[in-house]
Amino acid sequence: MWRLIFAGLALALLALAGFVGYRTFSFTASPPPAEVALDAERLAGVDVSAAAQHLAEAIRFPTVSLAEEDDDPAPFEHFHAWLAETYPAFHAAARLERVSGLSLMYTWEGSDPAQPPIVLLAHQDVVPVAEDTRAGWVVDPFGGIIRDDAIWGRGAIDDKGSLIALMEAAEHLAAQGRQPLRSVIFAFGHDEELGGELGAVRMAAKLAERGVRAWFVLDEGMAAVAEHPLTGRPAAMIGLAERGSGTLHVRAVGQPGHSSMPPRETAVSLLAEAVNRIHDMPIERRLEGGPALGMMRALAPELTFTTRMAVANEWLFGPLLRARLADDPAAQALLGTTIAPTMIDGGVRPNVLPAEANAMINLRIHPRDSAESLLAEARAAVSGLDGVSVDWNSGAREASPVSSATSSSYALLAALSRAVLPEAPVAPGLVLAGTDSRHFTDVAENVYRYQPILLTGEDLEMPHGLNERISIENFDRMIRFYLGVIEAGAMQ
């Protein structure tokens with residue numbers, strides 16, 4: 001009897017091992033629908049030194065986001081005049097529309113109106129440089145300095161580098177008298193850093209009113225990293241989606257009075273308990289339901305055998321995988337919604353019980369979740385705490401839809417990325433911040449977020465930080481990549 005039981009267990013374990021092994025060795029990304037043939041000569045020909053000078057000049061226009069009604073728009077207007085003067089062939093070939101006065105939307109008309117257009121995004125505005133941080137800059141942040149084989153200044157990466165690289169590519173082709181087969185639309189917002197309500201939102205609305213359904217949209221958002229946390233090697237991450245965002249307002253009311261005779265619970269103690277309960281909500285974290293699983297598949301050849309086995313068999317090793325990633329903030333953000341208490345307020349004197357206390361908890365919403373379901377979970381978490389209410393502070397933005405990693409447009413971008421960054425395998429990713437591209441999901445088949453530049457961990461801290469700069473090598477990659485996007489994507 002026992003022999004039969006042990007034999008049965010051995011067979012079951014053998015079958016399990018075989019199944020796990022099969023899934024491990026077959027765990028890889030599907031091939032793209034078609035490879036794009038790229039000729040190195042097609043991706044060359046631009047004077048990179050002159051282009052770098054142009055980016056330096058563009059940085060000298062301090063196009064800081066206009067946060068206040070009386071902020072001066074003159075830097076944007078001067079920048080627009082400079083664009084027209086610097087890129088005359090493109091301005092002659094394309095139709096320019098000004099949206100909300102300062103956003104620029106160019107349409108380079110294709111010869112075949114039946115072909116869906118391509119929409120290429122970048123933004124003009126940059127974040128300010130706080131006065132107390134200027135001492136940490138080794139150059140004037142708006143000086144547009146070229147040194148150490150890099151272009152320095154605010155916006156070099158975020159996002160004038162992309163904008164000028166797009167203009168260089170378009171000018172190069174327009175100056176040759178080239179005309180696209182499908183239309184190419186360039187949308188350059190002026191308020192991306194403030195949410196894009198006057199720029200991207202209105203430009204996308206115009207396209208929607210015209211019935212535009214683009215082949216794809218391409219924007220900033222992700223890049224190639226020199227050391228991917230899973231592989232320790234380069235990887236080019238194309239963003240398929242970006243997280244949503246919302247802030248929960250937690251309010252607790254209590255009995256006001258003197259602290260010498262407090263009730264069992266005060267507004268502050270209720271609030272503290274509510275914040276802890278919401279912070280500790282059991283958020284679902286797994287590979288499926290977002291770009292994470294596709295990323296793992298694409299990077300499978302670079303993963304260690306044990307990691308590959310774990311991700312290929314999440315049904316079995318899921319708890320171990322999640323435990324391993326529990327202390328990695330980036331992994332947590334990739335696998336599920338994140339919850340961060342950020343503000344708390346209550347009371348005016350140490351010996352006075354406040355009538356109410358308030359807290360703000362910021363949530364970055366994973367594509368798997370919805371604002372409605374997360375609010376319901378938060379309210380359930382604080383149920384039983386009398387006097388506590390929870391609501392979105394000013395609404396919440398849902399995560400964007402997840403674009404395809406098996407489409408012909410993704411294959412084009414992946415092939416172009418391999419052409420300019422052959423050392424970096426391409427994988428889909430999730431953008432953890434926000435971009436203008438989220439406003440264009442209704443006017444495109446797919447929306448992608450990618451800059452073809454190779455960044456180190458130190459480089460990733462530069463946008464919005466100190467000493468922002470882009471190497472001339474990376475800037476050259478961007479121009480060649482965008483040349484390929486326009487030529488291979490719209491002219492063939």
Side-chain angles (χ1 to χ4, degrees), residues 23-24 27-29 221-246 278-342 361-370 373-374 377 398-400 402-403 405 424-435 448-451 454-461 463:
R23 288 181 61 89
T24 301
F27 184 75
T28 188
M222 301 197 83
V225 292
E227 292 186 9
H228 192 277
L230 283 175
T231 66
R233 300 174 64 181
M237 310 300 297
I238 298 179
L240 303 188
E242 58 188 64
R243 298 188 299 173
S245 178
I278 294 172
H279 188 229
D280 293 337
M281 290 193 310
I283 295 295
E284 183 179 25
R285 300 192 187 281
R286 55 188 174 87
L287 293 175
E288 294 181 346
L293 185 60
M295 180 190 73
M296 297 289 193
R297 287 187 182 278
L299 296 178
E302 309 289 328
L303 301 176
T304 64
F305 178 80
T306 53
T307 301
R308 187 173 180 180
M309 181 173 65
V311 298
N313 297 277
E314 189 183 7
W315 59 278
L316 180 61
F317 299 110
L320 293 175
L321 185 63
R322 285 187 284 276
R324 176 183 168 186
L325 299 175
D327 294 328
D328 186 328
Q332 294 299 292
L334 181 65
L335 297 178
T337 295
T338 56
I339 303 174
T342 53
I361 304 178
N362 186 252
L363 277 66
R364 296 303 173 109
I365 303 172
H366 191 273
R368 184 186 307 113
D369 296 323
S370 69
S373 66
L374 290 166
E377 287 185 54
E398 302 286 359
S400 73
V402 180
S403 295
V426 179
L430 176 65
V431 178
L432 302 184
T435 71
Y448 300 109
R449 304 150 180 91
Y450 179 60
Q451 289 172 298
L454 183 64
L455 301 177
T456 65
E458 180 184 357
D459 294 336
L460 292 169
E461 297 177 3

Here the pair of heavy atoms bringing M296 nearest to L287 is CE-CD2, 3.8 Å

Between atom CD1 of I278 and atom CD of E377, what is the distance when rounded to the nearest 0.5 Å? 11.0 Å

Once rounded to the nearest 0.5 Å, what's the spacing between atom CE of M295 and atom CG of L230? 5.0 Å

How far does CZ of R233 sit from CG of L303, to the nearest 0.5 angstrom? 11.0 Å

Enter the distance from D369:CG to L363:CG here, rounded to the nearest 0.5 Å. 9.0 Å

Which heavy atom of D459 sits nearest to which heavy atom of P463, and what is that distance? O-CD, 3.5 Å

Tell me, please, which residues at least two apart from E461 pass side-chain contact (heavy atoms from CB on, under 4.5 Å). none

Using atom types as modelled and distance alone, determine if a side-chain donor or acceptor of H366 lies under 3.5 Å from a backbone N or O of L334. yes

Do R286 and R368 have side chains that get closer than 4.5 Å, going by heavy atoms? yes

Can you name the side chain to side chain donor-acceptor pair (under 3.5 Å) partners of S403, sequence neighbours left out? none

Mark yes or no for whether S400, through its side chain, and E242, through its backbone, hold a donor-acceptor pair below 3.5 Å. yes

Pairing residues for P341 by the side-chain contact (heavy atoms from CB on, under 4.5 Å) criterion, not counting sequence neighbours: V275, H279, I361

Under 3.5 Å donor-acceptor pairs involving side-chain atoms of residues 424-431, not counting sequence neighbours:
none

Which heavy atom of Y450 sits nearest a heavy atom of A224, and at what distance? CE1-N, 4.0 Å

So which heavy atom on T435 is nearest to which on G221, and how close? CG2-CA, 4.0 Å

Is there a side-chain contact between H228 and M237, using heavy atoms and a 4.5 Å cut-off? yes

Minimum-distance pair of heavy atoms, taken over all atoms of P367 and V402: CB-CG2, 3.9 Å

Heavy atoms, side chains only, cut-off 4.5 Å: are T337 and M281 in contact? no

side-chain contact (heavy atoms from CB on, under 4.5 Å) partners of R364, counting only residues at least two apart: R243, S245, T338, N362

Name all residues meeting the side-chain contact (heavy atoms from CB on, under 4.5 Å) criterion together with E227; count only those two or more places apart in sequence or in a different chain, and write none if there are none. none

